[in-house]
Colleague: 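Mind having a look at this structure? Questions to follow.
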Number of protein chains: 2
Amino acid sequence: MRFLLAIGTTETAQIDGLSAAGADPEAMRWTPAADAELLAYGEPVAAPTVPVSPTGCPTPSLVTRAVRDHLGFDLVTLDAGVDATTAAPTVTVGDRPGADIRQPEPVTNAPTIWERAREFGASLPDEHLLIAESIPGGTTTALGVLTALGEDVGVSSSLPDNPIERKRQVVEAGLAVSGLEPGALAGEPIDAVRLLGDPVLGALGGVVGGALRAGRAVTLAGGTQLLAVAALVRHAGIDDPLSIATTSYVGSDDAVDFGAAAERFDLDCTVTDPGFDRADHVAAERFVHGEAKEGVGMGGALALATWRDLDMAAVRSRFLDRYDRLIDREQALAGEP
Amino acid sequence: MRFLLAIGTTETAQIDGLSAAGADPEAMRWTPAADAELLAYGEPVAAPTVPVSPTGCPTPSLVTRAVRDHLGFDLVTLDAGVDATTAAPTVTVGDRPGADIRQPEPVTNAPTIWERAREFGASLPDEHLLIAESIPGGTTTALGVLTALGEDVGVSSSLPDNPIERKRQVVEAGLAVSGLEPGALAGEPIDAVRLLGDPVLGALGGVVGGALRAGRAVTLAGGTQLLAVAALVRHAGIDDPLSIATTSYVGSDDAVDFGAAAERFDLDCTVTDPGFDRADHVAAERFVHGEAKEGVGMGGALALATWRDLDMAAVRSRFLDRYDRLIDREQALAGEP
């Protein structure tokens, strides 16, 4: 098994009120780089800080890293286009961030990203791949792609109150600037990424398509952004078996009927509860209150823990331990008591 | 523990008769990329073939990978400048291959490579780093750097008959074109890399210096190229404790008094015998006959096996198994019986 994380940034994420993947817009720019470093090294290396939401919810990459601490799985980070440097080792498939989807062509290099990622996915020898993302504002671009493909499945949010109306307005503006109706790009996944998507969706559509065609087992590790990846792959005409594994926070999110969406794209579906309600700790509470919900493969990592008989209490304990150590480290670096 | 492999290529390696790190000059260009892929994935992914010498000796990266199969250690590949694409995840510290050291300035970007690598080495959280290289023609550029620094320790070879006179001629031509006497760059390690070295020596000098200054334990995993790295670090004025771990093939090589050289640079020294004389197999025999000898961290990986009580017979068995499977795969891809 190998875990593939695609990272990217977009100007779409800088639109006010769309994402909680960072304390502020400047910090959000660093979130994917920091997530990749947390998975690779256990702490930020070139990135300045551990990503937290404006209310202090830590990045879900700490949960995925906690599972990796126990199971030691292999990891590859795909750089799809990041507006920051990262010290994580990467395979580069895209060379620039995505623009705002209200621009005419936010991902001009979508065909190149898709093709490079497809070749990479087709060439990997691993029997089973887990596929994850880190890209702020990613549920908005996922909504853009799903809408362009004509798939009405709804999207989740890293915020407890999903700004879904704001996302719809952004997507409508994006469709309008391209002169498109919803569903106009059905069967045209690369164009859907190019006109309404983000670099990470292009990379993951390509890599999953390539891996499936090469006969690999693929588990999409995430929430509605990975549903959009499934939609891209199905609209590319690839009907091989495909699985998705998400968290109970997305599974129970009223904004999206996850089971129905999984059925729509013919996905075998796993939903895993990390049991954070049993942890008396502020970091776990933020998740219980509906923040973050998913990201950086959290749902897939939790499913992997279950498949390999790793006790969820051990995952929670490791997550909280990592969180406390990183907060102590950041306070020490900042000279705070 | 984390294993760091720096990869690079140079035009120096294209000089006739210097290196056995590839079946021919065109194949040699791909060797570092393929070595990184073998360590990361277990087989070549973007690279066309498994690196072998002109007589069929497989790359020592298969030995390092065999140890990794058993121990599962973390790996980062540093791209110091490679004339090929690689599908291995990399941290980029240099953007172009080295030129021929008989040119006036073969590694113009040596200061940038060194500084980026130093920052990276200083930022890693790992307590212990193993440091390895893959760069064809690397013993010639190592001889160049050692000579420029005024260190007369001799160098080994991937060929059974070391073309040491040829290497000396190349280094003398390199010194002459820069108007330098041997020892002229004592205490100037970055200039020694810039004028007589290769991108990998610059990357490893930087990363080791950064890691030592940050208080990490560092083991140089390799032969005379890693002795040159030790020389660079000592000439940078860094006198922290430092170890080197190499194979018995380098340890018993008459071309270099390894023990004396290790003492010269104040290195704690480990020499490990993979016991290939006990394996009745063509791939092991090439090593016993003095080919390859070292590379891609082989000596460090063997030392790690010993430190972790991994039986050397298990390493040999895994190495031969990987070799046979890769040869079968390549014959199948080539349509041979």
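Convention: sequence-line order gives letters A, B, ...; per-chain numbering from 1. Just so it is clear, the model here is predicted, and its values are computed rather than measured. All values below were derived from every heavy atom in this structure, side-chain atoms included, with hydrogens, water molecules and symmetry-related copies excluded.
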Colleague: Would you call A:V63 and A:R316 a side-chain contact if the rule is heavy atoms closer than 4.5 Å?
Modeller: no
Colleague: Could you tell me which portion of A:A40 (side chain, backbone, both or neither) has an atom closer than 4.5 angstrom to a non-hydrogen atom of chain B?
Modeller: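 Interface part for A:A40: backbone (N, CA, C, O).
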Colleague: Taking B:T77, B:L124, B:V45 one by one, which has the highest count of heavy-atom pairs under 4.5 Å against chain A?
Modeller: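 Highest number of pairs under 4.5 Å: B:V45.
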Colleague: Under a 4.5 Å cut-off applied to non-hydrogen side-chain atoms, are A:H128 and A:S243 in contact?
Modeller: no
Colleague: Identify, with sequence neighbours excluded, every residue that meets side-chain hydrogen bond (donor to acceptor under 3.5 Å, both in side chains) alongside B:D311.
Modeller: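 Checked B:D311 against side-chain hydrogen bond (donor to acceptor under 3.5 Å, both in side chains); zero matches.
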Colleague: Relative to chain A, which segment of B:A88 carries a heavy atom at a distance below 4.5 Å: side chain, backbone, both, or neither?
Modeller: backbone
Colleague: Quick one, A:L75 and A:R68 - any side-chain contact, counting heavy atoms below 4.5 Å?
Modeller: yes
Colleague: Among B:E37, B:E119, B:E43, which has the most heavy-atom pairs under 4.5 Å with chain A?
Modeller: B:E43
